Structures are given as C-alpha cells and as structure tokens.
Amino acid sequence: MVQIYNSLTGQKEYFTPVEPGKARMYVCGMTVYDYCHVGHARVMVVFDVVARYLRWRGYDVTYVRNITDIDDKIIKRAADNAEPASQLTERYIDAMHEDATALGVLPPDVEPRATESMAEIVTMVRTLLDNGYAYQGANGDVYYDVSRFAPYGALSRESLDDQRVGARVEVDENKHDPLDFVLWKAAKPGEPSWESPWGPGRPGWHIECSAMSTRCLGNHFDIHGGGIDLKFPHHENEIAQSEAATGHKFVNVWMHNGFVQIDEEKMSKSLGNFFTVREVLGQYSPEVVRYFILASHYRSPLNYSTENLEQAGAALDRFYTALRDAPAAAADGDETFCQRFQAAMDDDFNTPEALSVLFDAVRELNRAKTSGDAQRAAGLVASLRTLGGTLGILQGDPEQFLKGTAQTQSGISEVDIEGLIAERDEARRNKDWAESDRIRDELQAHGITLEDGTGGTRWRKG
RNA sequence: GGCUGGGUGGCAGAGUGGCUAUGCAGCGGCCUGCAAAGCCGUGGACGUCGGUUCGAUUCCGGCCCCAGCCUCCA
C-alpha cells in the first residue's frame with residue numbers, strides 16, 4: 001500500500017482514497033508573471049511523479065494544477081510593461097507549458113485559471129459572508145474572519161494567539177484581526193476587475209484555489225500539494241475558506257515539497273538568487289535536471305549547484321551506458337526489482353531509494369550482457385524502462401543521450417568526430433599508438449571520450 | 001519568541017535497534033596496445049552529552065548548529 005507523509009498530521013499514513021480506486025489531487029501551480037525557476041520545476045516534476053506513480057499503482061487519477069493569472073504582481077508587472085495583464089499572462093503561460101513539456105512533465109488533467117473561475121469564486125465569497133465567516137471592510141474589501149473558524153492553525157500547528165505574537169503583518173484598520181485575510185479586493189481605477197455584489201474587484205489569492213479545487217474535484221478530495229512555503233498562510237487559509245463554505249472536510253492528505261536552495265539558502269524570487277528553467281536547460285539536458293530533482297527525497301531541501309547537476313548527468317550516463325547495446329525490452333520485467341522499486345515508492349515516494357534499486361538492476365544488466373544471457377538482459381531492460389517510466393526518466397535512445405549535444409557544446413561536428421575516429425582506426429591498424437593516442441587526446445580536448453570495443457570504436461560526450 | 005524540518009563516509013544522498021544502501025570520486029585486480037566502459041574486491045560515517053537496551057547512527061531527553069515558515073513566494 002502507498003504511504004504518504006501528511007503535513008496535516010505530521011506522519012506517514014496509508015493512502016485511502018475518498019472513493020476507492022480513485023485519486024483526486026490538486027496542486028498549487030504558478031502565478032504567471034515571470035519565467036519558471038528551478039523551484040517551480042521541482043513542484044512540477046515531483047507531483048508529476050506522484051501522478052505517474054499512482055496511475056502505475058492502478059489508481060484512476062484526476063490531477064488538477066491551477067494557474068493564477070490575476071494578482072497584484074501580475075498587475076504591477078503588466079503596468080511596468082505597459083501591456084494588458086492578459087497579454088502578459090498568456091505569454092508566461094505559454095512559456096510555462098514549454099518548460100513543463102521540456103522537463104517531461106505530463107499535462108495535468110485539468111488546468112483551471114483564476115480568471116475563468118470568477119463565478120465560483122464570487123459564489124464562495126457570498127456563502128462565507130452569508131454564513132458569517134466574512135465581513136466587508138470600510139475600504140470595500142471583503143475579509144475572512146479568522147476568529148470564526150475554530151480549527152484555524154491546524155495545518156501550521158500554531159494557535160491564533162501564537163501567530164499573533166510573531167505576526168509581522170502590517171496593521172490595517174479595515175481588518176478586525178491582523179490575521180484576517182482578503183477574499184475579495186476592490187479594484188482601483190484602471191485595474192482589471194470583475195463584477196461582484198461588493199463592486200468591481202478581483203479575488204484574493206487564497207480563495208481562488210478553494211474555488212477551483214472544489215469546482216474540479218468536489219468539496220472533499222484526496223491530495224493537495226504545493227511547495228512548503230505555501231503551507232502557511234495559503235493552505236491554512238484554503239482549509240478555513242473551503243470548510244467554512246462547504247461544511248465538509250476539505251482535503252485528506254497535504255503534501256509539501258521542500259525548497260530548492262542555493263548555497264544553503266532558499267531559491268526565491270524575492271531573494272533574486274534563482275535560475276530559470278530555460279537558463280538551466282541551456283546547459284543541461286532536461287532529463288539531467290529531472291534526475292537531479294528526483295535524486296533527493298521530495299520533502300528534503302534540494303541544493304542547486306553545478307556539481308550536483310554534473311553528478312546527475314554521471315548517474316544517467318551509467319544508466320544509458322547499460323541500456324546501450326542491450327537487447328530489446330522483454331514483455332515482462334524482473335519481478336524482484338519491480339517489487340523492491342514499488343516498496344521504495346510506496347514509502348512516501350522515496351525516489352532516491354527507488355533509483356538505488358534501478359542501479360542494482362543496471363549492475364545485473366551489465367553482468368547479463370557480459371555473460372551473453374540475452375533473455376535475462378531483455379527482462380532487465382524492460383524493468384529499467386518501465387520503472388524508469390514511472391519516474392519519467394530512461395525513456396530516451398541511449399546512443400543519443402550519451403552523445404548528447406556534443407556537437408554544439410564541443411565545437412566539433414559529428415562528421416568531424418567520425419572522421420577523426422576513422423583516421424585513428426587506420427593508425428591503430430598500423431600499430432601507430434602515438435598517432436592513435438594523439439587523436440584520442442584531441443577529441444578528449446573537445447569533450448569527446450572514445451571507447452574501443454570489440455565492435456569498433458564509439459564515442460560519447462564526457 | 002512560536003512553529004516545521006534537518007545534522008550520515010571526500011561529495012551527493014537513502015536507510016536501519018545487531019547483517020553491503022546507491023551514484024560520483026579513491027585504492028587493488030580482471031579486461032585493453034594504453035585507455036574508456038564494464039565486472040570483481042576494498043578503505044572510509046552516522047553533530048554533542050546523557051538515558052533505555054545484552055547491544056543505538058537508528059528509540060527517549062538535554063544541548064549545539066543549519067534551513068524554512070510566522071509578510072508576496074513553489
């Protein structure tokens with residue numbers, strides 16, 4: 001059985017869906033006013049693996065990942081650019097989809113946008129007002145009254161009083177309590193707005209997720225995920241809004257992935273120490289980035305460094321070297337490795353452990369290849385490709401992966417490489433080892449490594 | 001100050017009350033013209049102080065240190 005660490009209870013729990021056989025999952029996606037950075041990539045990859053794995057385990061998964069396409073930052077950025085907000089968001093939504101596709105992230109089943117969910121948002125705000133969980137301030141904004149929701153603080157495990165002690169929120173005379181938060185924000189002149197019973201305005205950040213998730217998945221669903229920085233206040237507020245509005249339990253399992261860090265510090269837009277996905281993909285293949293993310297457990301911090309990216313590349317080289325020259329995958333994989341892999345993944349999606357199982361399979365595959373046991377090798381290839389598939393890796397052509405984008409990076413074309421190899425073959429036939437080694441060194445200087453095998457000489461990057 | 005997670009061998013990173021994690025790097029061997037790749041073998045670890053236990057890196061407690069949240073942030 002799959003076990004998942006539930007942030008709400010602070011422990012691993014066996015996954016028991018609301019509806020047997022189904023898994024309904026909502027993940028907080030991006031606010032689209034800029035390019036995705038590696039932190040966003042981590043969320044996308046991590047929950048992509050959760051969805052893939054649950055499907056592989058036989059669940060009928062509905063995966064919803066929203067897009068926040070209206071908020072203060074978007075408005076500000078659009079104003080700075082002197083362009084309509086919608087034009088700005090369209091551009092970054094396209095960019096996000098490109099990044100996701102490059103990283104092998106499968107599209108979610110539903111990708112709702114805040115601006116397309118206004119009816120549900122307004123309805124939910126109205127319900128909260130009608131039920132006495134919200135009030136309208138003198139400035140026209142509608143606020144959630146935190147004191148009315150008794151379980152407030154359950155997710156962050158802090159009482160209201162404790163939170164007020166450390167509160168850094170600005171004093172706002174429109175609010176009854178500093179911890180109250182905006183549900184509906186009245187529009188200032190020139191700002192994008194939507195009609196509502198409280199005048200033209202836009203939704204607060206938290207309400208849109210409550211509205212979109214319950215609209216797409218029902219009042220009560222299985223998994224809600226996002227970065228750990230969303231735990232408070234965003235997710236805490238979602239619970240307060242949703243449960244107060246629907247009267248139902250909102251979410252069973254809360255999943256939060258850890259940060260990407262740089263030099264032991266959180267990568268974030270506010271700190272400015274971030275790398276965008278497209279920057280990184282300019283230097284490393286998407287599969288390397290994906291492997292780098294999965295080589296750490298999703299709840300741990302992930303330290304971004306060139307060294308760690310290089311290590312991810314080296315690990316994939318080993319996989320693809322084993323896969324190269326291997327027989328075609330058999331119909332069935334190896335039972336033992338499959339079980340070990342499943343046990344690792346069942347334990348709160350322990351991808352590092354799962355990868356170690358795959359490495360053990362690699363050793364077996366290399367042995368089988370050496371001993372000429374084609375049947376065994378074919379079974380192991382099947383295991384690697386199927387199990388790798390649930391992680392979204394090892395689906396490529398080995399030769400292509402190992403040669404990489406050597407031509408563009410090393411400044412030497414594939415034709416030239418082949419030419420030099422032919423020259424070196426000639427030298428080797430003449431036992432001119434000096435010339436042979438000279439050519440090999442020359443290629444190595446271009447980042448090309450040669451391997452002399454029984455079937456001739458082959459090359460790879462690295 | 002409150003709350004969350006952590007501190008594992010040269011690096012990355014899992015895990016376990018007594019038995020090899022895994023990958024990269026190192027060392028020895030096989031293979032090779034020499035290499036590379038691969039295989040075989042091998043060294044090296046669990047922040048600190050106490051406690052529980054026949055035995056703790058693993059459980060409990062104190063302490064130290066790190067990261068994060070408490071304000072927009074994946």
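In this text the structure is predicted, and so the values were computed from the model without any measurement. Proteins come first, then strands; the chains are lettered A, B, ... in the order of their sequence lines, and each starts at number 1.
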Run the salt-bridge test on [X] and [Y] with the 4.0 Å N-O cut-off and return the result as yes or no.
| X | Y | answer |
| --- | --- | --- |
| A:R424 | A:E435 | no |
| A:R202 | A:D72 | yes |
| A:E98 | A:R278 | yes |
| A:R458 | A:E451 | no |

Could you check whether [X] gets within reach of a base, just the sugar-phosphate, or nothing at all, counting any heavy atom under 4.0 Å?
| X | value |
| --- | --- |
| A:V357 | nothing |
| A:L230 | sugar-phosphate |
| A:F259 | base |
| A:N257 | base |
| A:H234 | nothing |
| A:R424 | base |
| A:D437 | base |
| A:K269 | nothing |
| A:E310 | nothing |
| A:S305 | nothing |
| A:G39 | base |
| A:R157 | sugar-phosphate |
| A:E451 | base |
| A:M267 | base |

Between [X] and [N], does any side-chain N or O lie under 4.0 Å from OP1 or OP2?
| X | N | answer |
| --- | --- | --- |
| A:W459 | B:rA36 | no |
| A:Y5 | B:rG5 | yes |
| A:T457 | B:rA35 | no |
| A:R363 | B:rG23 | yes |
| A:N350 | B:rG15 | yes |
| A:R299 | B:rU4 | no |

Please measure how far the [atom1] atom in [N] lies from the corresponding atom in [M], and state the result in whole Å.
| N | M | atom1 | result |
| --- | --- | --- | --- |
| B:rC11 | B:rG47 | P | 14 Å |
| B:rC64 | B:rC46 | P | 22 Å |
| B:rG43 | B:rG10 | C1' | 12 Å |
| B:rU4 | B:rC60 | P | 15 Å |
| B:rU16 | B:rU22 | C1' | 15 Å |

With respect to the side chain of [X], which nucleotide from [options] is positioned closest?
| X | options | result |
| --- | --- | --- |
| A:V43 | B:rG38, B:rA74, B:rC24 | B:rA74 |
| A:R318 | B:rC73, B:rA67, B:rC39 | B:rC39 |
| A:E307 | B:rA74, B:rC11, B:rC70 | B:rC11 |
| A:E158 | B:rC3, B:rC73, B:rG13 | B:rC3 |

Original post:
Once the angle between the rings of A:F181 and A:Y144 is folded into 0 to 90°, is it parallel (under 30°), tilted (30 to 60°) or perpendicular (over 60°)?
Top reply: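 Rings of A:F181 and A:Y144: parallel, as their planes differ by under 30°.
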Subject >> Whether A:W56 and A:F341 hold their rings parallel, tilted or perpendicular, with breakpoints at 30° and 60° >> reply: perpendicular
Original post:
Has A:K185 got its NZ or CZ under 6.0 Å from the middle of the six-membered ring of A:Y143, at an angle within 45 degrees of the ring axis?
Top reply: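 Not flagged: A:K185 not positioned over aromatic ring of A:Y143.
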Original post:
Short question: side chain of A:N430, backbone of A:A427 - any donor-acceptor pair under 3.5 Å?
Top reply: no
Quiz item: [X] side-chain donor-acceptor pair to [N] base, under 3.5 Å:
| X | N | result |
| --- | --- | --- |
| A:Q311 | B:rG23 | yes |
| A:R440 | B:rC34 | yes |
| A:K231 | B:rC69 | no |

Please tabulate, one pair per line, all N/O donor-acceptor pairs under 3.5 Å involving side-chain atoms of residues 356-363 of chain A, not counting sequence neighbours.
from   : atom 1 : to     : atom 2 : distance (Å)
A:S356 : OG     : A:E353 : O      : 2.7
A:D360 : OD2    : A:R340 : NH1    : 3.4
A:D360 : OD2    : A:R340 : NH2    : 2.7

Nucleotides 27-29 of chain B: which of its N/O atoms have a protein N/O under 3.5 Å away?
none

